[in-house]
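As the structure is a prediction and not an experimental result, all values here were calculated from the model.
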Amino acid sequence: MTLHIDIPQETLGSILAKAFRNRSFLIGFAITVLVAAIAVISYVWTPYDVTKLVISDKTLAPSAAHWFGTDHFGRDILSMIMVGARNSIAVALVAVGIGMGVGVPLGAFAAARGGFVDEALMRLNDLVFAFPALLSAIMITAIFGPGAINAIIAIGIFNIPVFARVARAGALAIWPREFILAARAAGKSKTQITIEHVLPNIATLLLVQGTIQFALGILAEAGLSYVGLGAQPPMPSWGRMLFDAQTRMVVAPWMAIFPGTAIVVTVLGLNLLGDGIADILDPKSRRQR
């Protein structure tokens, strides 16, 4: 039996042609690749050692020696932003993976089973969704202490109900379709239909939601680090850098400007990328705007 795909079948060449014509995708992709490249480079090279304190160089203004200036401990801000990029990306990526890996199966299972199972899972989903990432992080750190791992767990738990809702909504739109009825008539189980037919048809929806949650994950990681629940010193974090800069805005504004700009640009790039992917893979999304 031929698998029905909800979006028009297109060749890789036509998809690439649309991508090169989509300004949102190109800008978002360029920003995302740049940030990812900076994060990768930071594993092997940074202009200065981010763990070395040079008190004699504290709060130096941007210059040829320190392009983004230095902080109150004399650490190079550019180097800290580079290392902070890999921390933010790692936390957000793993947290989104947790949310997608748990939430998508739950949402798809709820849509397939329906009835009491669907209702029970969605009410449990609403209960988890009522606890924001910050509150979850506070509860987790109260038990296990602050750290990047606990921030990942908190953000990941918050992402689970988001992906469960998206997967369930997309699956419910697929189940009444004729090709699903044909698959059921052919004797396929609900699990087989979900894996072979439903999930491929909501993959685009999940991909777009994944880019959105990735951007929100970076914001959440910065927020948790800002209040001291994320990555701990001496490991740099964009949110922690903003916290350190808040009392030095007059004497060293660059301490807040550059990490703040890094967060804004990264989140903007991911949102543009997700918007572009939605336009390229699902032409209906553009017509509905």
Side-chain angles (χ1 to χ4, degrees), residues 1-19 22 24-25 28 93 95-129 156-217 270-271 273-289:
M1 183 173 58
T2 303
L3 174 65
H4 176 88
I5 301 297
D6 199 41
I7 60 176
Q9 295 293 302
E10 298 180 279
T11 64
L12 179 60
S14 64
I15 293 177
L16 290 177
K18 285 185 178 181
N22 191 291
S24 175
F25 175 83
L93 187 62
V96 169
I98 293 173
M100 185 175 290
V102 178
V104 171
L106 283 178
F109 177 73
R113 296 294 298 179
F116 173 78
V117 173
D118 181 23
E119 187 68 20
L121 285 175
M122 287 303 101
R123 298 296 73 78
L124 178 62
N125 188 74
D126 292 339
L127 179 63
V128 175
F129 196 70
I157 292 175
F158 180 75
N159 280 330
I160 290 174
V162 175
F163 282 103
R165 286 183 173 188
V166 172
R168 175 180 177 271
L172 287 176
I174 299 297
W175 273 99
R177 303 291 293 273
E178 290 81 2
F179 65 94
I180 298 295
L181 297 177
R184 298 181 68 176
K188 289 189 176 183
S189 66
K190 290 185 177 181
T191 301
Q192 286 180 301
I193 294 174
T194 298
I195 296 174
E196 298 176 8
H197 301 280
V198 175
L199 290 180
N201 279 282
I202 64 174
T204 298
L205 185 64
L206 296 174
L207 178 61
V208 174
Q209 188 64 40
T211 60
I212 295 173
Q213 293 307 121
F214 190 67
L216 294 177
L270 287 168
N271 283 331
L273 180 63
D275 192 56
I277 292 174
D279 288 341
I280 293 167
L281 298 183
D282 189 1
K284 292 184 294 183
S285 65
R286 180 179 295 276
R287 292 196 297 267
Q288 289 171 354
R289 296 178 184 174

Return the set of residues passing side chain to side chain contact (heavy atoms under 4.5 Å, CB included) with [X] (not counting sequence neighbours), or none when no residue passes.
X      : result
Leu93  : Phe214
Ala19  : Phe25, Ile280
Ile157 : Val128, Ile140, Ile153
Thr211 : Ile277

Looking at every non-hydrogen atom in both residues, tell me the closest pair between [X] and [Y] and how far apart they are.
X      : Y      : answer
Ala108 : Ala167 : N-CB, 4.2 Å
Pro161 : Asn125 : CA-OD1, 2.7 Å
Gly274 : Val208 : O-CG1, 3.8 Å
Ala112 : Thr194 : CB-OG1, 3.8 Å
Ala171 : Val198 : CB-CG1, 3.6 Å
Ala110 : Met122 : CB-CE, 4.1 Å

Who are the side-chain hydrogen bond (donor to acceptor under 3.5 Å, both in side chains) partners of Asp118, not counting sequence neighbours?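 Residues passing side-chain hydrogen bond (donor to acceptor under 3.5 Å, both in side chains) with Asp118: Arg168.
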Partners passing side-chain hydrogen bond (donor to acceptor under 3.5 Å, both in side chains) against Gln213 (at least two apart in sequence or in another chain):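 Listed in chain order: Asn159, Gln209.
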[X] versus [Y]: any side-chain heavy-atom pair under 4.5 Å?
X      : Y      : result
Leu106 : Leu124 : no
Lys190 : Ile180 : no
Val102 : Phe163 : no
Val104 : Val166 : no
Ile202 : Ile174 : yes
Leu181 : Trp175 : no

Kindly compute the distance separating [atom1] ([X]) from [atom2] ([Y]), expressed to the nearest 0.5 Å.
X      : Y      : atom1 : atom2 : result
Ile195 : Lys188 : CD1   : NZ    : 11.0 Å
Ser24  : Leu273 : OG    : CG    : 8.0 Å
Asp275 : Leu270 : CG    : CG    : 12.5 Å

Among all residues two or more places apart in sequence or in another chain, which pass the ring-ring contact (aromatic ring centres under 6.0 Å, His included) test with Phe158?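 ring-ring contact (aromatic ring centres under 6.0 Å, His included) list for Phe158, sorted by chain: Phe129.
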With distance as the sole test, does Asn201 use its side chain to make a donor-acceptor pair with the main-chain N or O of His197 at under 3.5 Å?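 Yes, Asn201 side chain to His197 backbone: donor-acceptor pair under 3.5 Å.
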Contact list for residues 103-115, test salt bridge (Lys or Arg N to Asp or Glu O under 4.0 Å), sequence neighbours left out: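 Salt bridge (Lys or Arg N to Asp or Glu O under 4.0 Å) check on residues 103-115 returns no pairs.
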